[in-house]
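This report refers to the structure that appears directly beneath it.
Position 1 is the first residue of the sequence; numbering continues from there. From a predicted model like this one, the values you see are computed outputs, not experimental measurements. Both ligands and their constituent atoms are indexed starting at 1 by order of listing.
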Amino acid sequence: MGTTATIQIGDKTIDCPVIVGTENEVGIDIQVLRDKTGAVTFDPGYGNTGACESAVTFLDGEQGILRYRGYPIEQLAGPASFLEVSWLLLKGELPNAAELAAFDAAEKAHRELPDYAVAVIKALPKNVHPMAALASVLVALTTSEDSPKAVEAGLAKNELTLLAQLPTLAAYIYRHSQGLDFVGPDAGLSYAANYLNMMFKGTKLATTDEAIAKALDLLFILHADHEQNCSTSTVRLVGSAQAGLSASLAAGVTALWGPLHGGANQAVIEMLDEVVAHQNGDVGWAVAQAKDKNSNFRLMGFGHRVYKNFDPRAKLIKVQADLVLGKLGKDDKQLALAKGLEQAALQDEYFIQRKLYPNVDFYSGIIYRALGFPPEMFTVLFAIGRLPGWMSHWNEHNAGKARIGRPRQIYTGKNARDFVAVDKR
Ligand code: ACO
């Protein structure tokens, strides 16, 4: 392959540099295109646009490959802990034993929320969506942001504190919505076990089962990063205006909330409920509805912008769904329905042609529901997992001193016309 790509527009010809990534991904650098030809590129939904160079995560959707900092997701999910993976994403290398121990201790020491954040949660209506509450309090946390230069236990103190506090924030938001007293963090418990304890202590959903905590930790790992998805791109874009870390993360939370993105895990459960309510679990009806362009029904948890073979996270989560439900002794009718729906869709020409496969959200909601999380909390769990990825990208973007994000457009509105005042008499 040459080192330039030649673009001809009318009588103008320009040579654009070709850049190649470490996995041989090829990009045409069109930064001079507009200056030299007056034209811009047109790519709605950014399906074919490389907005940045990044060394965080490699994803090959055709082959179903996902690697954090070079490590395959299949090797991390299980043997590694979420904190280890967070360090890996943020720092670029795995921590050694001493680094991990110091990080673990510091995380445990920073789990308490500042008083004003607790007051903000209490001031919110009980029925506010947890993702709205999460975004609101995250923006407020900008107030207590440490100087970006402060370091503790080898990490930026801001990042360490946010990692430690997000589960507390999520648990308090949940307990507030339920009218329950808050349960403070317990430094004797692991990251996921402490979160479960703060969520459910004193209720019939309380669990001290380490295997369940381990499964949740693994789910956090599977969600920890996914390169330039909608919410991560949002975090980078907001950060490019030099907005603070928490403010950029809050924007990521609201992007994640949408049902076409992280909100799909809630939407999957609602869809399965709908299939049961209207058709008594008839998966054929659901597949037909999903194919019908006149219906608004989509197979939630299916399809992905970049995975066109399989989503490696979905494979791992499916295994966890069986494990967790087995462990809880639950015969979840929804799990059986989801498996039936997956089978029916995967054999259907419509889904085969369009390369639509289950994505990360298809089975995660079933696990969360079995653990007792209400559907509105599912995307909050996604956000806890995604936090290290968002922060890694925010850092990378800022460290590179990227220009402010500012796309162009093709204007399709009215041409210039003269204002005529209405007769106001
Ligand atoms: N059910 C039925 N048809 C679908 C689905 C689906 N879930 N997903 C895509 N299609 C169809 C589209 O209608 C379109 O058909 P057409 O070519 O006949 O017009 C074709 O497949 C291509 O779909 P697009 O919407 O153009 O694909 P895009 O890459 O823009 O969207 C997305 C990807 C948003 C994930 C989409 O597949 C979808 O809506 N899935 C359901 C929601 C979901 O699960 N989101 C979570 C994604 S993972 C994550 O963000 C964490």
Side-chain angles (χ1 to χ4, degrees), residues 42-49 57 59 61-62 64 66 68 73 131 219-235 251-275 283-318 334 338 341-368 375 378-390 393:
F42 182 62
D43 183 20
Y46 310 121
N48 218 13
T49 293
T57 286
L59 200 169
E62 277 72 33
L66 174 62
Y68 298 159
I73 188 69
M131 288 296 276
L219 286 172
F220 289 153
I221 293 173
L222 295 181
H223 287 91
D225 194 43
H226 213 231
E227 50 115 304
Q228 310 309 320
N229 55 84
C230 177
S231 56
T232 303
S233 300
T234 301
V235 169
V253 166
T254 48
L256 187 72
W257 187 4
L260 294 191
H261 189 16
N265 52 17
Q266 174 177 346
V268 169
I269 294 295
E270 288 162 0
M271 173 192 73
L272 293 174
D273 282 345
E274 189 183 342
V275 178
V283 294
W285 173 83
V287 169
Q289 285 287 303
K291 287 161 38 173
D292 180 358
K293 299 288 181 199
N294 294 319
S295 89
N296 285 329
F297 190 98
R298 270 205 163 188
L299 217 46
M300 301 312 285
F302 251 76
H304 201 278
R305 171 61 63 78
V306 289
Y307 287 123
K308 300 298 171 198
N309 183 341
F310 65 93
D311 181 338
R313 303 166 302 170
K315 273 193 169 178
L316 294 161
I317 287 187
K318 192 174 173 185
Q334 280 205 338
L341 196 50
E342 177 186 353
Q343 271 216 313
L346 291 182
Q347 286 162 9
D348 191 285
E349 212 34 51
Y350 173 98
F351 289 87
I352 295 169
Q353 266 178 12
R354 289 169 181 75
K355 300 188 167 141
L356 301 170
Y357 293 85
N359 59 49
V360 68
D361 290 319
F362 195 64
Y363 286 105
S364 59
I366 291 171
I367 304 180
Y368 297 149
F378 294 176
T379 319
V380 174
L381 288 156
F382 194 146
I384 295 175
R386 184 53 55 88
L387 180 66
W390 284 336
H393 284 275

Going by the rule ring pair (Phe, Tyr, Trp, His ring centres under 6.0 Å), which residues pair with Phe302 if we only count those two or more places apart in sequence or in a different chain? Phe351, Phe362
Below 4.0 Å from any atom of ligand 1, which residues have a heavy atom? Give them in chain and number order, please. Pro259, Leu260, His261, Ala264, Ala290, Lys293, Arg298, Leu299, Met300, Gly301, Phe302, Gly303, His304, Arg305, Tyr350, Arg354, Leu356, Asn359, Val360, Asp361, Phe382
Treating Asn265 as the side-chain partner and Ser364 as the backbone partner, does any N or O pair qualify as donor plus acceptor under 3.5 Å? no
For Tyr363, ring pair (Phe, Tyr, Trp, His ring centres under 6.0 Å) partners two or more places apart: none
Heavy-atom neighbours of Tyr46 OH exceed 12 at 6.0 Å: no
Is it the case that over 12 heavy atoms from other parts of the model lie below 6.0 angstrom from the CD atom of Glu270? yes
Of all residues at least two apart in sequence or in a different chain, which pass the side chain to side chain contact (heavy atoms under 4.5 Å, CB included) check with Glu274? His278, Trp285, Phe297
